[in-house]
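For reference, the structure is listed below as structure tokens.
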Amino acid sequence: MKNPYEVLGVSKDATEEEIKTAYRKLAHKCHPDKTGGSCENFKEVNAAYQILGDREKRKKFDQYGPAFEQMGGFGAGGSGQGGFGGAQGFGQGQQFDFGNLNDIFGDIFGFGGGEHGSVRQKRGRHIEMDIRVDFKEAVFGTEKELKVYRDMECPDCGGSGAAKGTGTVTCRECGGKGQVRSVRQSVFGAFQTVSTCRACEGRGQRPETPCRKCHGTGIFRGERVLGLKVPAGINDGEILRMSGEGEAAGKGGISGDLYVTVRVKPHPRFRRDGFDVLTTERIPMTLAALGGSLEVETLDGSVDLKIPPGTQSGQGFRLRGKGVPHLRRTGRGDHLVGVEVEIPKRLSRGQRKVLEGWNDL
């Protein structure tokens with residue numbers, strides 16, 4: 001007998017929740033229906049949980065150790081608390097129902113699945129795409145037309161898969177249960193598994209007469225034109241989600257979503273820093289020295305910026321409320337203007353004379 005704590009990879013002071021989590025993870029990994037799973041490992045994991053998942057059995061094992069097995073601690077023939085219904089021991093030639101993983105964990109952890117719960121609703125795949133917008137379109141918002149080529153609900157049958165004027169009938173393959181059982185023989189005996197019915201995809205119903213356009217799948221592949229509203233203030237790389245505009249699942253399933261990544265084209269003049277806009281203005285040294293007014297282009301048009309006397313190169317000025325609108329609240333950022341003082345490379349005689357006179361003063 002292997003130590004159940006070692007099998008589940010938990011310590012002796014592990015909580016019940018930690019034991020359940022470890023068991024669930026290993027059962028998924030070792031289940032015969034999973035890639036790399038095996039009957040032997042699955043039975044070993046289940047046997048360990050039958051001990052540690054039962055307070056009384058765990059207490060006895062902690063007290064007697066390996067001698068617990070000789071005392072009938074496994075309760076041969078019973079499932080034990082947290083065990084799998086239908087398991088009649090592990091002897092060769094006896095039947096062991098590995099069942100559907102949803103059934104297994106539904107019984108143990110209390111959520112529905114398989115025959116004991118509703119069939120999980122199918123969901124279509126999500127779609128990802130990019131759009132490019134101009135700098136000012138990202139600032140003030142815009143609307144874009146998207147052409148998406150995807151699986152969509154069949155226009156003839158409305159996604160039901162049944163031809164017009166016809167309905168659905170009980171699936172013959174599963175008898176309306178949405179699941180089918182199969183039994184296979186192995187060296188360990190007969191193993192029974194439960195899987196979703198492929199004929200009706202787990203719905204228990206099939207079209208009486210399949211739709212000719214989609215051949216009963218409820219899905220038709222084609223192009224759909226969508227209108228996308230790009231909100232004001234969005235930045236480069238941000239993602240917009242359009243619920244239900246992804247691939248259709250067909251036959252009562254839920255469509256996936258469309259995720260649109262916004263790519264903002266750079267502007268030759270404006271740069272963005274969060275919700276602020278940055279520009280650089282070159283001013284003559286006379287304006288920097290004497291002060292005056294400078295016409296500055298903003299996102300809203302031209303404004304006059306007051307340049308105080310003695311302005312230095314690299315100095316910055318703030319135009320409040322002239323930046324980018326906040327994406328999820330009211331208000332706007334600012335427009336930050338940096339100035340660079342131009343020093344002329346060549347001077348006329350008159351200019352040189354004036355500067356030399358100023359220097360003498």
Side-chain angles (χ1 to χ4, degrees), residues 1-120 123 179-196 202:
M1 173 185 178
K2 290 188 177 181
N3 189 317
Y5 289 104
E6 294 179 357
V7 173
L8 296 184
V10 296
S11 63
K12 286 189 175 182
D13 58 352
T15 64
E16 292 183 5
E17 189 61 34
E18 288 173 338
I19 291 173
K20 284 184 179 181
T21 300
Y23 167 71
R24 185 177 181 182
K25 182 178 180 180
L26 289 172
H28 264 297
K29 182 179 179 181
C30 299
H31 193 279
D33 288 345
K34 303 285 286 188
T35 303
S38 71
C39 301
E40 192 63 32
N41 290 341
F42 187 79
K43 290 190 296 182
E44 188 177 86
V45 169
N46 181 56
Y49 184 73
Q50 285 190 25
I51 298 174
L52 300 187
D54 186 298
R55 291 183 181 179
E56 291 300 321
K57 291 181 180 180
R58 181 182 180 183
K59 184 177 180 181
K60 289 181 180 179
F61 179 83
D62 290 341
Q63 184 177 359
Y64 300 106
F68 170 78
E69 184 178 18
Q70 299 175 357
M71 300 174 63
F74 278 111
S79 62
Q81 182 179 351
F84 301 119
Q88 303 297 325
F90 302 128
Q92 186 174 359
Q94 294 177 311
Q95 185 186 60
F96 182 77
D97 184 1
F98 285 97
N100 182 283
L101 285 176
N102 285 335
D103 287 335
I104 293 171
F105 296 120
D107 292 339
I108 295 174
F109 299 103
F111 56 82
E115 286 187 310
H116 308 293
S118 58
V119 176
R120 185 177 180 181
R123 186 176 182 88
Q179 295 178 328
V180 292
R181 291 182 177 272
S182 60
V183 179
R184 65 177 186 269
Q185 297 292 330
S186 75
V187 293
F188 299 104
F191 295 96
Q192 183 173 263
T193 60
V194 181
S195 59
T196 302

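Heavy-atom basis, side chains included; hydrogens, waters and symmetry copies ignored.
If you run side-chain contact (heavy atoms from CB on, under 4.5 Å) between Y23 and each of V10, L52, N46, only N46 comes through.
Note that CD of E18 and CG of L8 are 12.0 Å apart. Values are rounded to the nearest 0.5 Å. The CG atom of D54 sits 12.0 Å away from the NZ atom of K59 when rounded to the nearest 0.5 Å. The structure places NZ of K12 at 6.5 Å from CG of N3, a figure rounded to the nearest 0.5 Å.
A search for salt bridge (Lys or Arg N to Asp or Glu O under 4.0 Å) contacts involving E16 returns R55, not counting sequence neighbours. For V180, the side-chain contact (heavy atoms from CB on, under 4.5 Å) partners are C174, S195, C197, not counting sequence neighbours.
Residues I19 and R58 are in side-chain contact: their nearest non-hydrogen atoms beyond the backbone lie under 4.5 Å apart. In this structure, Y5 and D62 have side chains that are in contact, with non-hydrogen atoms separated by less than 4.5 Å.
Scanning all heavy atoms of the two residues, the minimum distance from V194 to R181 falls at CG2-NH1, 3.1 Å. Nearest heavy atom pair, residue P4 against residue F61, reads CD-CZ, 3.2 Å.
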